[in-house]
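Report on one structure; see the data block that follows.
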Amino acid sequence: MLSGASNLASGVDKAFVIIFVISALFLVAITVVMLYFVYRYREKRNPVPTEIEGNNKLEILWTVIPTLLALVMFYYGWKGWIPVRNPPKDAMVITSVARMWSFTFDYPNGKSSNVLYIPQGEPVKLNIVATDILHSVYIPAFRVKQDAIPGKENFLWFISDKPGTYDLFCTEYCGLRHSYMNAEVKVLPLPEFEKWYNDTTDLVAAAEGEGGVKKGLAGARLLENKGCIACHSLDGTKLVGPSFKGIYGEPVVVVSGGKERTVTIDDAYIKTSIYEPDADVVKGYKPGQMISYKSELNEKQIADIIEYLKTLNGK
Amino acid sequence: MSEHKTHITSYTTHFMVLLALLILTWATVSITNINLGPYSVTAALLIACLKATLVLLYFMHLKFDSKILKISFSAVMVVFALVILLTFFDYLFR
Amino acid sequence: MSETAAQLNFFQETQGRKGILAWILSTDHKRIGLMYMYTIMVFFIVGVLLGLGIKMELIAPGLTVMGPQAYNSFFTVHGVIMIFVIVIPGLPAIFGNFFLPIMIGAKDVAFPKLNLFSWYLFIIGIITVLISLFTFGGPPDTGWTFYAPYSFKTTTNMFPAVLGAFILGFSSILTGLNFITTIHRMRAPGMRWMKMPLFAWSIYGTGWIQLFATPIVGITLLMIIAERFLKIGFFDPALGGDPILYQHLFWIYSHPAVYIMILPAMGVISEIIPTFARKGIFGYNAVVISTMAIAIVGYFVWAHHMFTSGMSTTAQFVFSLLTFFVAIPSAIKVFNWVATLYKGSIRLEVPLIWALGFLFLFMIGGFTGLFLGAVATDVHVHNTTFVVAHFHYIIFGGMGSAFFAALHYWLPKMYGRMYNKYWATVGWATFFIGFNVLYFPMFILGYQGMPRRYYDYLDQFHGLNIVSTLGAFIMVAGIFVIILNLIRGARHGEQATMNPWEGRSLEWTVPSPPPLENFDEIPDLTKSSAHPA
Amino acid sequence: MEANTHVHRDDVASKLGMWLFIFTEILLFGGMFIVYSIFRYNHPVAFHLAGEELNDTMGLINTIILLVSSMTVAMSITAMQRGQVRRSMQLLVITIILGLAFLVNKYFEWGAKFDHHIYPGSSFLRELGTGDTLFFGLYFMMTGLHALHIIVGLIILVWVAFYIQKKRTRPDKYVFLENGGLYWHLVDLIWIFLFPLFYLIH
Ligand code: HEA
Ligand code: HEA
Ligand code: CUA
Ligand SMILES: [Cu+2]
């Protein structure tokens, strides 16, 4: 069994153990009694059965005892749950955006990442949103899970005391690449976390574009953070969508409104592809897979992406 | 199983029921026209229930039918009410 | 006892119809029951093969035998077929049809033509589901729960699958309606309510759930269809709709539906255990009351499938509490079954072995249901393989075992022949071992956090998945032995007597196989003091 | 070989069966009423305003039509029970005509909505806002489903009339008429709730 790595795990595990013990006792006891009866009262040994209509006392007994035990189990199940619903006011708020098929974690200072970095021993509250369909955030080691529902904001919170790397899964079925929709949670000791958190190189890059930093770095970050690379590879492999490798400036056959035509992949085309993916659908791909990123990417960011796509040519 | 004699509802009864239904319809229309705020929903639904009861008891003959029908019909209504109630446990306390 | 040799049985009595027409035009409840059985058996094999495909894929991470799209369709179609085509209609439509009228001393069901019509609807529903597999976008890939908004965003061919489920629901409603009316109106004189066999009671309870719950899923599926084609927006957040509302509506049906599956199974067990203990059931009244209690309380726990959806904390409290209450009637039944064995004179025949297996597997399934009912633990294991193991234990371990128990119990009556008991036992043992090897590891995997509906998984889950896949092969081998043995028995087995098990209910007083209208004369039980089954 | 001679006739059973079926129909609409109540709770203002768009008079006329037709079909049963077959038939025909009138009325009502660009999935509706989209979605779905039931009810009633004509439904055997009547009342019953919920409550 894996050990819990958050403040909430103990409540959950306690409920688990209590239910487990009660269940196991009953299971073993009933099975043993049952087998014993079958053996003891087999026809050879007990040729004449004794009619027993029932017994009210017993009947009441075995209604009342399970009821009480059920209430006990319910109680611990509930008690383990109450803290999960009550985040402390001073928790650090991180927004977790889920989409087909990736997560982005947006931090208060504008930083955003695909890995959930969290400070050790500090309360963290995740606001959970989805842009397209249902997903969910599940961190087994923390014993927490919450669905991400478009149009609704859910939350989770926890304090983790054990530095380390944990898995985060999407556990609400979301289509083709559901099983690849996972991320890492990195619990860092406070100083390390602060270092990461205050390192704003990529933010600066985003702000300055080419200015001094490696060309297209901002765009590359965006592709990663916004989850584009869940569907578009950078090395020519065909995933759900066409690969980005060497596409800039090349011709491509698209289907627009039922008709095929050939267009050149230029800035305008890329912009429409991102804002209205279903307007021109690349031949051989299904419409409706890629959602519009109108609310998530502004023109500046698209320009950054294009900048990066250009770097994928030629080399 | 004993079948009791079929009860025949007279034309007059049917007509009186219709009259009552029409009066109740008029009542809902006028009640919802004066503004009772949130109560207009309640009032309109109460009247609708009353009308439905009349239809059930007389037109649909439930009043003169066997007990099992009365019981099971009430059961349907109770179950339905509970389902709505339980669903609202979610929405009311979000 | 037997002076019946001259009478034709229902197989021979074709009412002047030839060949297949003698079947598909017949309104005889026994023939209809068998037609359901053959249909269901065929699809059962399909479903099992799909399940095997799932396990093959999961034997190792990454691509082993199929791609992700195929995998998603596999578990969707597997779930849809198993739930809507096999376990929901299963026991009531096969054994309910065949034995309910005989058990209560009637010549047929109340509406024989409607009964045949239900079977046709059933077939039409299946065909509609099958159409989805081969047309347009290909097989649906939404999971059997059809959760919105994915279910109307996916490009696969959802519509026929949903429509098919709707039609199957309709068929199920009509069957339930028929049985309830039959029980109310056609009991033989003296067959008082509290003398009715427990299987009949379970069918009665099931009938009410079918009537009360199925319409809700009907309308929900219609709304999904409307959503897809008319963009009405009920469940589409982009249009203001609410995906959680869809989940409420879906589970308002689908939770009670799990009791549609298990109640008749419990009824079968309540017949078999007394027969082989050779005494009456312990606490008849308590068993009857718990049947109805499950039917009623089972209606009000649906949202325990939605603890992580973000519904209100109050609702979580209420539904978790109610979930624990629904476990009580099941507990009562288990205790009464075990108590029935006490001071019996027990014959360990094949049906009893299956029944004991049922008890064990059902308990594991039921107890793990308690982990799922408690909010804290459910939130951890929700949508992991823990849930998958829970319901396979309770559905296949439970309802599946009861199904095979019923087959082994009633086969001599249905076909007038006996199967080979040795092979039946071997089959059971293989099944039982394979079953546990297959599903038990999934509890552990789930607790460790392996999500369900995962085509691919991380390396740390590999070991137990291999074990589980091996189990699947053992189990399927067992099922093979069982089914072949049954088929052989039905066709070439030794002649069975009228009452091979010394059962006490009415079906054992008619010849094997029974004649067309079951009884020459409706039995009169007013004087008999026979203890209920 | 002896054919299935055992013809079992049990009117009480037929009626019980019909009632059970009616229960399922009620719950079918019940599902929609759940959806209605939730959305109304979530969008009270939009529902209020959207309700004003509907034509009260049309709704009222249809209500009266259905109530009267409900009475005539009930009377038709009374007539049959009293052995007045011709009168029974006349009342049944009146019911059928009223049912058709309801549909005609509905046709014009929906037509008017379509002319105002109000139909499921219309972009006009989407601009009005989510509350309105949902309201009209429900409106079309529920009244549409209801109209579908009217059509089925009419088919059943015509079938009954045919049986009366053929004397297969007659004063000593009229459970089919009763069941047809029950179905028709069900349609009325549902309308009794639809009318205030959509047309009246502002
Ligand atoms: C035949 C079908 C069947 C049956 C009978 C049950 C029975 C029960 N189920 Fe199960 N369930 C399913 C089929 C079934 N289930 C399916 C198919 C799913 C998944 C659907 C999906 O998501 O795809 C599911 C999922 C499911 C969930 C949701 C999990 C999740 O997605 O997070 C929950 C949560 O509460 C649950 C609980 C229960 C409980 C408490 C019972 C109880 O009725 C069990 C009662 C029985 C016992 C408790 C054992 C006997 C008792 C004793 C021996 C006495 C001792 C008892 C006490 C001390 C209390 N089930
Ligand atoms: C009755 C229902 C039923 C049955 C019999 C089975 C049989 C099997 N199932 Fe499952 N399964 C489901 C219902 C069923 N399943 C459902 C609803 C889901 C969820 C789908 C979803 O997520 O949407 C699922 C999902 C599911 C998964 C999870 C997929 C995932 O989440 O990634 C797996 C994985 O191993 C699996 C495996 C198997 C295997 C190996 C078998 C078989 O090989 C087992 C072989 C057979 C038996 C154990 C005997 C059972 C006997 C009977 C039921 C009686 C039959 C009755 C008649 C013939 C009348 N099934
Ligand atoms: Cu996202 Cu599964
Ligand atoms: Cu459930």
Side-chain angles (χ1 to χ4, degrees), chain A residues 1-2 11-12 15-16 19 23 27 30-31 33-34 37-38 41-43 46-54 59 62-63 66-67 70-71 73-74 77-78 80-81 85 133-134 136 138 140 143-147 149-152 154 167 169 171-180 286 288, chain C residues 68-69 72 143 147 149-150 153-155 237 243-244 277-280 282-284 286 308-310 313 317 320-321 324 327-328 331-332 334-335 338 341-348 356 359-360 363-364 367 370-371 374-377 379-380 382-383 447-449 451 453-458:
Chain A
M1 297 271 143
L2 82 186
V12 175
F16 195 94
I19 301 177
S23 300
L27 179 69
I30 294 175
T31 312
V33 170
M34 177 175 91
F37 283 169
V38 172
Y41 300 110
R42 63 191 189 278
E43 194 180 20
N46 192 32
V48 184
T50 320
E51 277 301 340
I52 307 170
E53 292 257 333
E59 213 74 65
W62 65 46
T63 309
T67 310
L71 289 175
M73 293 187 267
F74 166 74
W78 187 249
W81 176 243
R85 285 291 82 189
I133 57 169
L134 303 185
S136 96
Y138 175 34
R143 309 285 191 272
V144 291
K145 178 182 291 134
Q146 189 62 252
D147 289 3
I149 305 214
K152 184 175 189 307
N154 282 335
D167 296 316
F169 298 111
T171 42
E172 189 60 62
Y173 175 68
C174 54
L176 192 63
R177 290 177 69 79
H178 168 56
S179 64
Y180 294 102
K286 288 182 198 153
Chain C
Q69 185 67 38
N72 293 347
Y147 269 15
Y150 186 65
K153 292 242 163 99
T154 172
T155 51
I244 299 184
R278 303 204 297 143
K279 62 201 274 285
F282 185 94
Y284 175 87
T308 63
S309 68
T313 317
F317 182 88
S320 172
L321 188 60
F324 277 94
I328 310 298
I332 296 175
V334 169
F335 293 130
V338 175
L341 296 172
Y342 178 65
K343 293 204 171 169
S345 170
I346 296 165
R347 287 183 183 157
L348 199 57
L356 299 178
L359 269 170
F360 183 75
M363 278 195 287
I364 296 186
F367 286 132
L370 300 174
F371 292 84
V375 187
T377 41
V379 166
H380 175 46
H382 169 71
N383 264 348
Y447 188 71
Q448 291 175 344
R453 296 173 175 173
Y454 255 32
Y455 159 74
D456 198 354
Y457 51 84
L458 302 181

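These numbers come from a predicted model, not from an experiment. Note that these values count all heavy atoms, side chains included, but never hydrogens, waters or copies made by symmetry.
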Identify which of [options] forms the greatest number of heavy-atom pairs closer than 4.5 Å to chain A.
| options | result |
| --- | --- |
| C/I244, C/I346, C/I364 | C/I346 |
| C/S309, C/P451, C/S345 | C/S345 |
| C/S320, C/A376, C/P243, C/A327 | C/A376 |
| C/G283, C/G143, C/A374 | C/G283 |

Side chain [X], main chain [Y], donor-acceptor under 3.5 Å:
| X | Y | answer |
| --- | --- | --- |
| C/Y454 | A/T171 | no |
| A/S179 | C/D456 | yes |
| A/K152 | C/G310 | yes |
| C/K279 | A/E51 | no |
| C/K343 | A/I52 | no |

Side chain / backbone / both / neither for [X] at chain A, heavy atoms under 4.5 Å:
| X | result |
| --- | --- |
| C/Y457 | neither |
| C/A331 | side chain |
| C/I328 | side chain |
| C/L348 | side chain |
| C/L359 | side chain |
| C/F371 | both |
| C/P149 | both |

Among [options], single out the residue with the greatest number of heavy-atom pairs under 4.5 Å to chain C.
| options | result |
| --- | --- |
| A/L27, A/V48, A/T31, A/N154 | A/L27 |
| A/I30, A/T63, A/V33 | A/I30 |
| A/Y41, A/F37, A/Y138 | A/Y41 |
| A/P66, A/G11, A/G151 | A/P66 |
| A/G54, A/G77, A/P49, A/P47 | A/P49 |

_If only side-chain N and O atoms count, and only distance matters, is there a donor-acceptor pair under 3.5 Å linking A/D147 with C/T308?_
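Present: a donor and an acceptor within the cut-off.
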*Is the OH atom of C/Y342 crowded by more than 12 outside heavy atoms at less than 6.0 Å?*
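No, not enclosed.
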Check whether any side-chain heavy atom of [X] lies under 4.5 Å from a side-chain heavy atom of [Y], and answer yes or no.
| X | Y | result |
| --- | --- | --- |
| A/Y173 | C/N72 | yes |
| A/W62 | C/V334 | no |
| C/N383 | A/S136 | no |

*List the steps and the verdict of side chain to side chain contact (heavy atoms under 4.5 Å, CB included) for A/F16 and C/H380.*
CA-CA 10 Å; A/F16 195 94; C/H380 175 46; 5.7 Å; no
Looking at [atom1] of [X] and [atom2] of [Y], how far apart are the two atoms once the value is rounded to the nearest 0.5 Å?
| X | Y | atom1 | atom2 | result |
| --- | --- | --- | --- | --- |
| A/F169 | C/L458 | CZ | CG | 4.5 Å |
| C/Y150 | A/E172 | OH | CD | 12.5 Å |
| A/R85 | C/F317 | CZ | CZ | 15.5 Å |

Heavy-atom distances under 4.5 Å only: say whether [X] touches chain C with side chain, backbone, both or neither.
| X | value |
| --- | --- |
| A/F74 | both |
| A/R42 | both |
| A/V38 | both |
| A/I149 | side chain |
| A/E59 | side chain |

